[in-house]
Number of protein chains: 2
Amino acid sequence: MINKKKRPTLQDVADIVGVTKMTVSRYLRDPSQVSADMQKSIAVALEELGYIPNRAPDLLSHAKSHAIGILVPSLTNQVFSEVIRGIESITEAAGYQTMLAHYGYSLEVEEQRISHLLSYHVDGLILSESHHSVRTLKMIETAGIPVIEMMDVTSAAIQQAVGFDNIAASYCMVSQMIQRGYQHIVYLGARMDVRTQLKQQGYEKAMREHHLTPISVMTEEPSSFTLGAELLQQTLAQHQQTDGIFCTNDDLAIGAVFECQRQGIAIPDKMAIAGFHGHDVGQSMVPKLASVITPREEIGRVSAQQLIGRLKGQPIDNKIIDLGFKIQLGESI
Amino acid sequence: MINKKKRPTLQDVADIVGVTKMTVSRYLRDPSQVSADMQKSIAVALEELGYIPNRAPDLLSHAKSHAIGILVPSLTNQVFSEVIRGIESITEAAGYQTMLAHYGYSLEVEEQRISHLLSYHVDGLILSESHHSVRTLKMIETAGIPVIEMMDVTSAAIQQAVGFDNIAASYCMVSQMIQRGYQHIVYLGARMDVRTQLKQQGYEKAMREHHLTPISVMTEEPSSFTLGAELLQQTLAQHQQTDGIFCTNDDLAIGAVFECQRQGIAIPDKMAIAGFHGHDVGQSMVPKLASVITPREEIGRVSAQQLIGRLKGQPIDNKIIDLGFKIQLGESI
DNA sequence: TCTTAGTACGTTACCTGTAACATAACAAAA
DNA sequence: TTTTGTTATGTTACAGGTAACGTACTAAGA
């Protein structure tokens, strides 16, 4: 089953054709560099042997890898699938390979993943977090490659940040809810990462400015629809007056909507519910979910554009790039 | 901003400590191989320089990379996030790195991604498809590494397949719907990949066995909740009698449920709706979605276990591993 | 005192593709 | 004819960590 003889090298291909490996190497990098006859002979030999390119010598000789590393906290979180789509729409066109890794919201795992990506000599890195371990920062420094941090623009960037203002976004949405007359709005949060906390800050700011008491119901568990339902139950048990829910993401919000439907709580008459990011589910459901619409794919695109620009030698024109957000009120407020 | 001096090598570290790079190399592979004093000196120097490991020489010398490649068609599709979680729960514990790539359901992109992964000398590959390009098959052959194909077990495997029977699963679910008295069941499919077609086969088999006419409403567009709503509209316009919908996945099914809610069509009295995979959204929504529950995380776990077992020299005990499925009727049938 | 064993470290060779340079053959221009 | 340019290919050196082997030194045993 498994082929014991080692994989063919350029020399093997060259031997078949009867030239030196240099000629084959040239063909692989740009076929027009060898004569037309030679092109045919080499193509045949490559096909025959099933030659697989070998990146190792490139890496040894400090060549550009034409690969960039992407780090996201989670693949389950739909947000990052869309960010990745944005990134790859640009890298693909520019001829860059992407190396994708995820770290489950853990700084130590992030550090390990970054070490792994750097050991393969990626030309640049796109991170999703604005907070990193000391060793991570040190490695990024010695790697000497361009790095972009996505998602949030409220913290200081290592080199460059692309995203939106999580605090302002939450503040805006909660303010809108208050203006619509809701008084007892509770914040639901899961998996306490940096952005969950930033959103909480925006929420509390809006509540305090209107002399309302902020109440947060949080858990360390990873976010899910089911969890949204559970957190709503918990909230209603502890805070009977609750007439509004602002969630750290759409999953929790939708789970809360479902729970209201089960309990016969009218939305938005008896309960307002708002989510974050504006995913397809929420926008297609009944009632249409209120949500902060964030430019996820654009964040990916702009990040990739900036990184590739810098790889081509352009200077950093804008250290912090804020792509904004929109408030979608839907039918759940 | 960007560090122009090249990244430190083992030699640089060795120079600081005043030993040869071999000593540092030994320390990195197993600190106990050098004296206690030396351990301290080397640790300090490594930290000071921010040394980043370099995989290139390993790759050159045919060493095991301790990395395995994972190929999934899509990251947007929740199914594969869960499969990946299953894989990594095993690889993590076994000390293997994973290199993740996706190919948007395109055979050519898959080929390119596999070439890229193989060029980094991954020790094994986990694929999600049972159908590949000729060059893909050739490369896998010459790479001489263990390969596992996930998800479906109805086609012939290159080496080994782990999954369930898509045709049987669809057949079961549709048969149940028919038994419950639904007669005019339509199949909704998006993004025509292999599995969409297998499910259609199962659907048609069940319909024909009960002397009912199979009707499929399909599109090349990628699946989404909104698309589910659109396809339902289209179905109702073309086939007024429709009293049941069987969808290739939960997203479409949920979109269809939402559309029924908007149009005031009672579920399950006037319309039965069933999805595929049993995701959290569907299970937490009102009404609870009927769905084929598939062992997604288990598929990942078993695939990784088999692969790592083979990397350790174990023979293939079972070429086809069928992990089965369950029918969840929920409240939408 | 002389082995012997063990420890700690050094030396050498190797893995494979490519940049940089060299060369050969021929064509075109002077 | 000579020079110059062009094209197609060959030659050499190099990248960095590690296996395999070699060596120097120390300590214990005879």
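Per chain, numbering begins at 1; letters A, B, ... match sequence-line order. Keep in mind that what you see is a predicted model, and the values were worked out from it rather than measured.
- Rounded to whole Å, atom P of dA15(D) lies 19 Å from atom CZ of Arg55(A).
- Distances shown here put every side-chain N or O of Tyr27(B) at or beyond 4.0 Å from the OP1 or OP2 atom of dA8(C).
- Contact annotation for Val19(B): backbone-only contact, meaning every heavy-atom pair under 4.0 Å involves sugar-phosphate atoms and none involves a base.
- Residues Lys21(B) and Gln33(B) both approach DNA chain C. Their nearest nucleotides, taken by heavy-atom distance, put Gln33(B) toward the 5′ side.
- Over its full length, the helix from dT1(C)-dA30(D) to dA30(C)-dT1(D) turns its helical axis through 50°, comparing axes from the five pairs at each end and rounding to 10°.
- The local environment of CD in Glu47(B) is sparse, with at most 12 non-hydrogen atoms from other residues, nucleotides or ligands closer than 6.0 Å.
- Rounded to an integer number of Å, the gap from Leu60(B) CG to dA19(D) P is 14 Å.
- Out of dT18(C), dA15(D), dC15(C), the shortest distance to the side chain of His62(A) is found at dA15(D).
- Following rounding to the nearest Å, Asn54(A) (CG) and dT18(C) (P) show an atom-to-atom distance of 9 Å.
- One interatomic measurement links the two molecules: CG of Asp58(B) to P of dA15(D), which rounds to 18 Å at whole-angstrom precision.
- Contact annotation for Thr23(A): backbone-only contact, meaning every heavy-atom pair under 4.0 Å involves sugar-phosphate atoms and none involves a base.
- Checking Asp123(B) against Ser65(B) by side-chain atom types alone, a donor-acceptor pair falls below 3.5 Å.
- Contacts of Val24(A) with the nucleic acid, taken as non-hydrogen atoms under 4.0 Å apart, are absent.
- Between atom CG of residue Leu311(A) and atom CG of residue Leu307(A) there is a gap of 5.0 Å, rounded to the nearest 0.5 Å.
- Ion pairing between Arg195(A) and Asp193(A) holds under the 4.0 Å rule for side-chain N and carboxylate O.
- With dA15(D), dC9(C), dG17(D) as the choices, the nucleotide that has an atom nearest any side-chain atom of Thr9(B) turns out to be dG17(D).
- Distance CD1 (Ile42(A)) to P (dT9(D)): 8 Å, rounded to an integer number of Å.
- Within the structure, a side-chain polar atom (N or O) of Thr20(A) is placed less than 4.0 Å from OP1 or OP2 of dG10(D).
- Listed nucleotides: dC9(C), dT9(D), dT18(D). Nearest to the side chain of Arg29(B): dT18(D).
- Going from atom CG of Leu10(B) over to atom P of dC9(C) covers 15 Å, rounded to whole Å.
- Ser25(B) has a side-chain polar atom (N or O) that falls below the 4.0 Å cut-off from OP1 or OP2 of dT18(D).
- Side chain to side chain, Gln97(A) and His66(A) fail the donor-acceptor criterion of an N or O pair below 3.5 Å.
- Atom CG of Leu59(B) is separated from atom C1' of dA19(D) by 16 Å (rounded to the nearest Å).
- Remark: C1' of dG10(C) and CG of Asp15(B) are 14 Å apart, rounded to the nearest angstrom.
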Do Ile126(A) and Met150(A) pass the side-chain contact (heavy atoms from CB on, under 4.5 Å) test, and can you show the C-alpha distance, the side-chain angles, and the key distance before you say yes or no?
-> CA-CA 7 Å; Ile126(A) 298 182; Met150(A) 297 187 298; 3.5 Å; yes
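- Checked by atom type, the side-chain pair Gln306(B)/Gln160(B) shows a donor-acceptor distance below 3.5 Å.
- A donor-acceptor contact under 3.5 Å is formed by the side chain of Arg26(B) with the base of dG10(C).
- Of the candidates dG17(C), dT18(D), dT9(D), dT9(D) carries the atom nearest the Ser35(A) side chain, counting heavy atoms from C-beta on.
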Candidate pair Gln159(A) and Glu149(A), rule side-chain contact (heavy atoms from CB on, under 4.5 Å), full reasoning | CA-CA 8 Å; Gln159(A) 296 171 7; Glu149(A) 289 161 287; over 6 Å; no
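- If you check dC9(C), dG17(D), dT11(C) against the side chain of Met22(B), the one that comes closest is dT11(C).
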